[in-house]
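Below is one structure; the comments refer to it alone.
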Amino acid sequence: LSAGTVFQILSRTIMSNASLAVQGAVPPEPKKSSPWVFWGRAFVVPYLLIFLVFVLYPVGYGLWLARHPESYVKLFDDPIFFRTAINTVIFLVVAINIKMVVAMVLSGFFVQTRWWIKVISLIFILPWAVPSIPTILSVRFMLNPEWGVINSLIFRLTGLDGPNWLNDPTLALCFSMLMHIWKSLPFWTLILVAGRLAIPSEQYEAASVDGATNWQKFRFITWPSMKTLYLTSTILSMIWTLGDFNSVYLLTGGGPGTATRMVIQHIYETAFVSDAKLFGIAAASSVLLAGVILVLTLVQLALSRRQAGG
């Protein structure tokens with residue numbers, strides 16, 4: 001090749017590289033936002049506003065109201081608060097544990113594959129499926145001492161007047177627990193049924209071959225496999241029950257006296273029903289209740305991580 005030809009080739013190569021470099025230096029055109037992105041943001045914004053107005057603002061305002069130490073001093077000087085705290089602890093310890101034990105037993109029944117068990121399961125789930133307010137009010141009308149269906153039936157059969165169910169402190173607390181158990185038992189039974197179904201059937205078959213009894217199968221197969229799920233469900237049930245206002249209030253109104261009043265009802269009545277409208281003390285009660293829920297939540301998260309880690 002001649003010197004002129006080589007010079008032309010080199011010139012074209014340099015110009016080509018320079019043009020590519022200039023093109024690479026030009027910033028790319030911004031991508032146009034798709035309609036899906038626009039509508040996605042449009043639908044998220046109302047939720048964020050609702051969350052800000054009805055969750056973050058009330059929580060922050062409640063913490064601001066509870067900032068004074070005097071509110072906690074007055075709260076602990078209130079004997080009604082200690083009574084409601086004791087009622088809440090009794091309710092949680094007794095009702096939740098009875099409910100979870102019964103749910104564990106029933107999960108072993110409903111896990112069977114017989115056709116009539118499926119029919120019973122549809123009926124069994126109804127208390128949890130129907131709305132809470134009309135259900136609880138219906139039970140309250142049934143327990144009315146004068147014209148309730150239960151006392152009317154007792155009078156027809158025996159000629160005697162039935163007890164005043166919801167005006168006796170012990171009976172009222174027992175019926176409050178029974179109402180809670182009856183209403184929420186189907187849900188936790190379904191959770192434990194799902195846990196039982198996750199256990200490989202080969203383990204039970206091998207245990208049957210080895211001559212294991214039903215109790216031995218439960219002790220060495222079912223319980224070790226479901227222990228973490230059972231404990232997690234118990235703690236979750238406690239957390240939800242602490243914030244449950246309807247179950248006891250609609251049935252007994254917290255009475256007779258303060259025999260069935262729970263902490264959540266005490267917070268409501270301190271803030272909105274009492275003549276003084278003690279928002280600071282109610283906020284302090286809410287902070288303490290939130291602290292208990294936070295501790296239970298941390299325990300539940302620790303159990304969940306333990307279950308995930310095997």
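Numbering of residues begins at 1 and proceeds along the displayed sequence. What you see below is based on every heavy atom in this structure, not just the backbone, and it leaves out hydrogens, waters and symmetry mates. None of the values given here were measured: they were computed from a predicted structure.
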Got a sec: does the CH2 of Trp116 have more than 12 other heavy atoms crowding it under 6.0 Å?
-> yes

Cation-pi check, Arg219 to Trp223: give yes when NZ or CZ is under 6.0 Å from the six-membered ring centre and within 45° of the ring axis, no otherwise.
-> no

How are the rings of Tyr61 and Tyr57 set relative to one another: parallel (under 30°), tilted (30 to 60°) or perpendicular (over 60°)?
-> parallel

Is Phe218 reachable from Ile191 through a run of I, L, V, M, F, W or Y residues, each pair having side-chain heavy atoms under 4.5 Å apart?
-> yes

With Phe245 via ring-ring contact (aromatic ring centres under 6.0 Å, His included) - residues at least two apart | Tyr249, Tyr268

Side chain to side chain contact (heavy atoms under 4.5 Å, CB included), paired with Ser286, selected from Val59, Ile267, Ile281 | Ile267

Taking the inter-plane angle between the rings of Phe76 and Phe81 on a 0 to 90° scale, is it parallel (under 30°), tilted (30 to 60°) or perpendicular (over 60°)?
-> perpendicular

Quick one: do Ser233 and Met100 satisfy side chain to side chain contact (heavy atoms under 4.5 Å, CB included)? Show the steps, please.
-> CA-CA 8 Å; Ser233 300; Met100 297 308 300; 3.6 Å; yes

Quick one: do the Thr84 and Arg261 side chains pair a donor with an acceptor below 3.5 Å?
-> no

Just do the side chain to side chain contact (heavy atoms under 4.5 Å, CB included) check on Arg140 and Asn144 with the steps written out, would you?
-> CA-CA 6 Å; Arg140 182 173 182 171; Asn144 187 280; over 6 Å; no

State yes or no: do Phe109 and Leu197 share one hydrophobic cluster built from I, L, V, M, F, W and Y residues joined by side-chain heavy-atom distances below 4.5 Å, directly or via other members?
-> yes

In terms of heavy-atom contacts, does CD of Glu146 have more than 12 from other residues, nucleotides or ligands at under 6.0 Å?
-> no

Between Trp240 and Phe187, how do the two ring planes meet: parallel, tilted or perpendicular, split at 30° and 60°?
-> tilted

What residue among Val295, Ile96, Leu296 forms side chain to side chain contact (heavy atoms under 4.5 Å, CB included) with Ile235?
-> Leu296

Connected via hydrophobic side-chain network under 4.5 Å: Val94 and Val89 = no

Counting only heavy atoms not in Trp147, do more than 12 sit closer than 6.0 Å to its CH2 atom?
-> yes

To the nearest 0.5 Å, tell me how far Ile221 CD1 sits from Met226 CE.
-> 13.0 Å

Ile123-Leu185 co-clustered via ILVMFWY side chain contacts under 4.5 Å = no

Is the side chain of Arg67 donor-acceptor paired with the backbone N or O of Trp64 at a distance under 3.5 Å, no angle test?
-> yes

Counting only heavy atoms not in Lys217, do more than 12 fall under 6.0 Å of its NZ?
-> yes

